[in-house]
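Below you'll find the structure, written out as structure tokens, and then a few comments.
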Amino acid sequence: MNGSVKAFYKTKNLINGFKQHPTITSINFKNFNSKLNLCDNPIEARQLFDKLPQKSSPLYNLMMRYYTQNQQPYQALQLFAEMLTSTKYQPDNFTFPLVFKVCGDLSLIKTGKMVHCRVVYSGYVWNEYVQNSLIAMYMSCGEVEVGRKVFERMLGKTLVSWNTMISGYFSNGRAKDALMVFDRMIDEGVGIDRATVVSVLPACASLKDLQRGRLVHELVERKGIGNSVFVRNSLVDMYAKCGCIGEAKAVFDEMVERDVVSWTAMMGGYVLNGDARSALALCLAMQLEGIRPNSVTVATLLSACISSSDLNRGKCLHGWIIRSKLESDIIVETSLIDLYTKCNRVDLSLRLFTKTSKQRIGPWNAIITGLVHNKLAIKAVEMFKQMLVEMMEPNGVTLMSLLPAYADLADLSMAKNIHSYLVKIGLCPRTEISTNLIDIYSKCGSLESAHEVFKEIPIQEKDIITWSTIIAGHGMHGHGEVAISFFDQMVQAGIRPNDVTFTSALQACSHAGLVDEGLRLFKTMVVDHQETPRTDHYSCIIDLVGRAGRLKEAYELIKAMPLKPNHAVWGALLGACVIHQNVEIGEEAAKILFEVEPDNTGNYILMSKLYATVGRWEDAEKVRIIIRDKGLRKIPGCSSV
DNA sequence: ATAGGGTTAG
């Protein structure tokens with residue numbers, strides 16, 4: 001009797017298949033899942049899967065998830081391909097998110113797009129999980145616009161969709177867009193959760209948007225989601241990066257539970273705010289609480305040593321790093337190379353560099369940056385060529401740190417070489433890169449080439465730095481009028497000049513002797529743009545007015561300065577006095593210069609020259625004696641002047 | 001059962 005019932009059901013199952021019997025399917029599912037969890041390796045898991053008497057889409061999904069969780073993403077894709085070719089086991093709303101995650105992680109954009117087509121065809125494209133994973137995939141492949149399209153077309157946007165957009169924009173370097181999404185989210189009353197907070201706060205931090213950051217903090221407290229280490233860590237980081245070290249510390253102190261990230265973020269905050277000592281002190285406190293520093297912590301501590309130029313402490317840390325077996329960590333290696341180059345010990349950096357694995361870009365970038373920093377331009381270029389020989393692909397960071405070396409070299413044929421390389425790899429025209437090229441060509445003396453590069457940048461992408469560079473380039477070669485016309489064009493293009501632009505423009509006037517133009521510019525700067533002039537602006541103006549022979553006016557300008565005039569300002573005046581043989585004002589300037597920079601023999605030389613040109617030989621001789629004494633004592637190259 | 005999440009360096 002009992003047996004015949006069982007037999008009946010068995011037959012029925014065989015006829016209908018498992019799909020019609022959710023209870024039996026779910027038993028199989030749970031059973032297989034728990035068996036998978038006991039597997040030691042993917043091979044064993046696969047054997048288990050192959051032995052299943054009856055497969056189904058959910059079981060395929062389980063096996064694929066096992067693969068992705070055990071770092072075998074390609075095996076997961078292989079299974080997905082099997083599903084597609086089979087007629088029995090079609091991918092479903094659980095399969096596609098898995099596949100999109102793999103495509104995103106591996107940046108398999110072509111595969112991803114193909115699967116996207118398939119998902120449209122299958123109809124699962126309306127599933128929210130599928131849509132959200134699609135957005136995430138496009139974002140991690142750098143296809144921001146496609147991701148945005150999927151998002152905009154979604155009818156049932158969920159909190160996850162919004163969060164994905166925010167973190168996607170941010171990780172693609174578009175912090176502003178991330179914040180715009182956040183604003184829209186608030187406007188439309190979507191609400192926020194912990195994931196929103198940890199996605200939006202880094203964007204606030206990178207833009208130093210304290211106002212928005214505070215708003216997020218307020219929302220966190222109001223919603224009561226501040227009881228998470230993640231959330232609090234990102235708050236600490238945001239306040240620190242916005243320069244509010246006090247508030248960062250307050251959030252940090254309030255925390256009941258702190259992990260290594262909390263401590264590291266706090267240390268990084270101190271370093272950023274120029275307080276290396278507090279950062280190092282925090283390291284001790286952290287260890288007293290029983291938290292071990294990780295490689296990021298160590299990198300942060302090393303940057304504290306760099307910012308305080310504390311080579312000795314850096315060396316101590318290096319010792320500790322070796323004892324803790326952290327020395328082969330890529331982040332730590334990179335930071336150590338950075339430490340030694342910034343402390344002018346290129347020898348030690350190179351020794352470390354030869355030991356690192358050359359497979360990662362970090363150490364290459366660090367050593368090239370370091371060589372450029374130490375004005376070893378030729379070595380930097382050689383290192384770059386070595387990098388190409390070793391089949392390492394440079395990125396934007398590499399080139400941005402390398403290009404200033406070419407400006408130092410001021411070698412036109414080398415400049416043309418790197419320019420054509422940049423075009424070949426598709427990095428030119430691109431604003432930051434092109435701006436560097438403009439600087440390089442200007443310093444090589446080839447203003448035509450600089451102008452060519454400048455013209456290639458679309459008008460809306462020319463930023464304040466681009467304009468300032470082309471202005472400075474023309475200024476340094478005495479083409480004051482052209483420089484000023486660029487300045488006017490910039491203003492017309494709707495870009496607000498900043499203090500750097502004004503410095504370039506004023507220097508251009510000064511080199512070309514455009515007195516009235518310079519004064520007009522200075523007035524525009526103060527009155528129209530409400531820019532507070534800095535001492536280097538004043539030194540340009542003084543130089544300009546002084547060279548024109550209007551020495552009294554220059555002297556009056558200095559006396560009326562709201563800031564304390566520095567050596568450059570007085571030096572400009574003294575230089576002008578020499579040209580126009582004005583001893584009276586020259587002596588005033590020299591008196592102060594001898595006080596503020598007693599070791600600069602240049603000032604004494606100028607003064608002695610001034611006395612000599614007006615025939616005051618005795619005074620000239622007196623100053624010459626001082627030069628000789630100082631020269632012998634202090635500056636070895638002095639006799640050559 | 002599935003989708004989104006923090007700290008460093010370059």
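Chain letters run A, B, ... following the sequence lines, proteins first, then strands; residues in each count from 1.
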Practice task
Considering non-hydrogen atoms only, spot the tightest contact between A:Arg65 and A:Asn33 and give its length.
Solution key: NH2-OD1, 3.8 Å
Completion exercise
In numerical order, the residues of residues 337-348 of chain A whose heavy atoms come under 4.0 Å of DNA chain B are A:Asp338
Practice task
Would you please say whether a donor-acceptor pair under 3.5 Å links the side chains of A:Asn233 and A:Ser262?
Solution key: yes
Practice task
Indicate for each nucleotide in nucleotides 2-7 of chain B, in 5' to 3' sequence, whether protein heavy atoms under 4.0 Å reach the base (B), only the sugar-phosphate (S), or nothing (-).
Solution key: BBBBBB
Exercise for the section: Would you check if the side chain of A:Ser434 reaches a backbone N or O of A:Thr431 as a donor-acceptor pair within less than 3.5 Å? Expected result: no
Exercise for the section: Just call it for A:Thr369: base, sugar-phosphate, or nothing, with non-hydrogen atoms closer than 4.0 Å on any strand. Expected result: sugar-phosphate
Exercise for the section: Report the distance from atom CD of A:Glu333 to atom P of B:dG10, rounded to the nearest whole Å. Expected result: 15 Å
Exercise for the section: Go through the steps for A:Trp364 and A:Phe384 under the test ring pair (Phe, Tyr, Trp, His ring centres under 6.0 Å), then give the verdict. Expected result: CA-CA 8 Å; A:Trp364 286 102; A:Phe384 176 67; 9.5 Å; no
Practice task
Give one of base, sugar-phosphate or nothing for A:Pro363, where a contact means two heavy atoms less than 4.0 Å apart.
Solution key: nothing
Completion exercise
Whole-Å distance, A:Leu302 CG to B:dA9 P, equals 11 Å
Fill in the blank from the handout: Applying side chain to side chain contact (heavy atoms under 4.5 Å, CB included) to A:Gln287 and not counting sequence neighbours gives A:Cys283, A:Pro293, A:Trp320
Exercise for the section: Give a yes or no answer on whether the side chain of A:Ser308 reaches the backbone of A:Ala304 with a donor-acceptor pair at less than 3.5 Å. Expected result: yes
Exercise for the section: Assess the side chains of A:Thr297 and A:Asn294: does a donor N or O sit below 3.5 Å from an acceptor N or O? Expected result: yes
Handout entry: Sidechain-backbone polar pair: A:Thr435 side chain, A:Ile465 backbone, donor-acceptor under 3.5 Å
Key = no
